[in-house]
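Just so it is clear, the structure is predicted and the values come from calculations on it, not from any experiment.
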Amino acid sequence: MTTTLRQPSLFIPHGGGPCFFMEDPAGSWTGMAAFLRTLADRLPERPRAVLVVSGHWETRGFAFTGAARPPLIYDYGGFPPHTYELRYDVPGDPALAARGAALLEAAGIAAQVDTARGLDHGVFVPMKVAFPEADIPVVEMSVDKDLDPALHRAAGRALAPLRDEGVLIVASGMSFHNMRGYGDPRFTAPSEAFDAWLSDAVAAAPDARGAALDRWAEAPAGRLSHPRAEHLLPLMVAAGASEARGTRIYAEHVLETAISGFSFA
């Protein structure tokens, strides 16, 4: 009898637009791309599917992509023409989408399956680096428009059983996301202060972690690091899906700002 090993839940940085697939003479994205290429080696076994929570899809309640062959959404602008021709012909998993929605509904959380929605760049760009063969089914999950941290943690708790069903939960966002700050050295110290706070919060015991993450806006440089919460909220889902302390698995300065990634066993 084959036993499925529990998959972790991860929070990863997805970079800026199609950054990993264009010239990068300053090496701004080299380290992040190298990190993403290590994701498969960090897993206990090959996942049967990947559920990616993207900060680039906001809905009322939560939604899951239900297409068997999801198209790509090139939701970025001003980049070289070839980046609008990128392909990631990964299969979807309608059954996983339905299972995710059912788990949320059972927990009293509104959810739906969207059979027309494609994968945005918060999904296909990092997944194309991490799993370039495009042979593991991918389902995208939205964040809720109300941007409530506690709701997203509750969603993570409801989805936790998927980890024992061979599903890797990947929260795709950025630990710092203030578009005015990238490349500006004045944001280095504030981003470092928030990054240090976030790393400590993630590493705390689950109850303390939850209380801290719910108050992220009160953290040092919290609102400066995230004028809106949509790129941080995927982290809440990953954290909610685990009762273990989180660990930092990526830390680097990118465009003058501190960026981290985390894993929850």
| L119/V90 under side-chain contact (heavy atoms from CB on, under 4.5 Å): CA gap, chis, key distance, verdict | CA-CA 10 Å; L119 307 178; V90 70; 3.7 Å; yes

Is any side-chain heavy atom of L168 closer than 4.5 Å to one of R163? no

Would you tabulate the side-chain donor-acceptor contacts of residues 27-37 under 3.5 Å, counting partners in other chains and residues two or more places apart, or write 'none'?
none

Between the CG atom in D24 and the SG atom in C19, the distance rounded to the nearest 0.5 Å is 7.5 Å

**Q.** Candidate pair E58 and R228, rule salt bridge (charged side-chain N to carboxylate O under 4.0 Å, His left out), full reasoning
**A.** CA-CA 12 Å; E58 297 181 32; R228 285 189 84 246; 2.9 Å; yes

> Is the shortest heavy-atom distance from the side chain of M236 to the side chain of D214 under 4.5 Å?
Replying inline: no

Handout entry: Hydrophobic cluster membership, L5 vs L10, 4.5 Å side-chain cutoff
Key = no

Checklist line | Whether S242 side chain and A244 backbone form a donor-acceptor pair below 3.5 Å | finding: yes

Between N178 and P227 the two heavy atoms that sit nearest each other are ND2-CG, 3.7 Å

Handout entry: Test of ring centre spacing under 6.0 Å for F124 and Y74
Key = yes

Here the pair of heavy atoms bringing G61 nearest to T59 is O-OG1, 2.8 Å

Checking I249 against T247 for the side-chain contact (heavy atoms from CB on, under 4.5 Å) test, could you report, in this order, the C-alpha distance in whole Å, the side-chain angles of both residues, the deciding distance, and whether it holds?
CA-CA 6 Å; I249 55 175; T247 57; 4.1 Å; yes

Flag this pair as yes if the NZ/CZ of K128 is under 6.0 angstrom from the six-membered ring centre of F21 and inside a 45 degree cone about the axis; otherwise no. yes

Residues P234 and A171: closest non-hydrogen pair is O-CB, 2.9 Å

Report yes if the side chains of L232 and L198 come closer than 4.5 Å at any heavy-atom pair, otherwise no. yes

Any P47 side-chain heavy atom under 4.5 Å of V167 side chain: no

Please confirm whether F11 and F264 have ring centers closer than 6.0 angstrom. no

Q) Shared ILVMFWY cluster between I136 and L162, side chains joined below 4.5 angstrom? A) no

| task | Would you indicate whether R186, at its atom CZ, is surrounded by more than 12 heavy atoms from other residues, nucleotides or ligands within a distance under 6.0 Å? | result | no

Worksheet item: Is there a side-chain contact (heavy atoms from CB on, under 4.5 Å) between V170 and V123 once you walk through the steps?
Response: CA-CA 9 Å; V170 175; V123 178; over 6 Å; no

In short, salt bridge (Lys or Arg N to Asp or Glu O under 4.0 Å) pairs touching residues 248-257 with sequence neighbours left out are D195-R248

Exercise for review: State whether R6 and E45 are salt-bridged, where the test is any N-O pair (Lys NZ or Arg NE/NH1/NH2 against Asp/Glu carboxylate O) under 4.0 Å.
Suggested key: no

Taken to the nearest 0.5 Å, the spacing of M22 CE from H82 NE2 works out to 7.0 Å

Rounded to the nearest 0.5 Å, the CG atom of L235 sits from the OG atom of S9 at a distance of 9.0 Å

Measure the shortest side-chain to side-chain distance between S199 and S260 over non-hydrogen atoms and say whether it is less than 4.5 angstrom.
yes

- [ ] For residues W57 and D114, determine if any side-chain heavy atom of one lies less than 4.5 Å from a side-chain heavy atom of the other.
- [x] yes

Taking every heavy atom of V52 against every heavy atom of G122, the minimum-distance pair comes out as CG1-O, 4.3 Å

| task | Decide whether M127 and V125 are clustered together by the hydrophobic rule: side chain heavy atoms of Ile, Leu, Val, Met, Phe, Trp, Tyr closer than 4.5 Å, transitively. | result | yes

Notebook entry, point to check: Applying the 4.5 Å side-chain criterion to the ILVMFWY set and letting contacts propagate, would I12 and M174 be lumped into a single cluster?
Noted result: yes

### Minimum side-chain heavy-atom gap V139-V50 below 4.5 Å
no

Exercise for the section: For the pair R223 (side chain) and A217 (backbone), establish whether a donor and an acceptor sit closer than 3.5 Å, ignoring hydrogens and angles. Expected result: no

For residues 179-215, the ring-ring contact (aromatic ring centres under 6.0 Å, His included) pairs (sequence neighbours left out) are F176-Y182, F194-W197, F194-H226

Under 6.0 Å from the CZ atom of R180, do we count more than 12 heavy atoms belonging to anything else shown?
no

Here the ring-ring contact (aromatic ring centres under 6.0 Å, His included) pairs for residues 131-171, sequence neighbours left out, are F62-H152

Problem set entry | Verdict with reasoning, Y250 to T38, per side-chain contact (heavy atoms from CB on, under 4.5 Å) | CA-CA 11 Å; Y250 171 77; T38 71; over 6 Å; no

For L159 and L51, the nearest pair of non-hydrogen atoms, with its separation, is CD1-CD2, 4.1 Å

Interatomic distance, CD1@I259 vs NE2@H177, rounded to 0.5 Å, equals 9.0 Å

Shortest non-hydrogen pair, A160 vs A241, comes out as CB-O, 3.5 Å

### N/O donor-acceptor pair under 3.5 Å between R209 side chain and A239 backbone
yes

Separation between OG (S263) and CG (L39), nearest 0.5 Å, reads 9.5 Å

Should we say atom CG of D135 is surrounded by more than 12 heavy atoms from elsewhere, each under 6.0 Å from it?
-> yes

Output for pair (E230 CD, S54 OG), nearest 0.5 Å, gives 9.5 Å

For residues 140-149, the salt bridge (Lys or Arg N to Asp or Glu O under 4.0 Å) pairs (sequence neighbours left out) are R60-D146, R117-E140

message = If hydrophobic clusters are built from ILVMFWY residues whose side chains come within less than 4.5 Å, do F64 and Y88 share one?
response = no

What pairs of donor and acceptor atoms, side-chain ones from residues 96-109 against any protein atom, are under 3.5 angstrom apart with sequence neighbours left out?
{"unit_1": "R99", "atom_1": "NE", "unit_2": "E165", "atom_2": "OE1", "d": "3.3"}
{"unit_1": "R99", "atom_1": "NE", "unit_2": "E165", "atom_2": "OE2", "d": "3.4"}
{"unit_1": "R99", "atom_1": "NH2", "unit_2": "E165", "atom_2": "OE2", "d": "2.5"}
{"unit_1": "E105", "atom_1": "OE2", "unit_2": "A111", "atom_2": "N", "d": "3.2"}

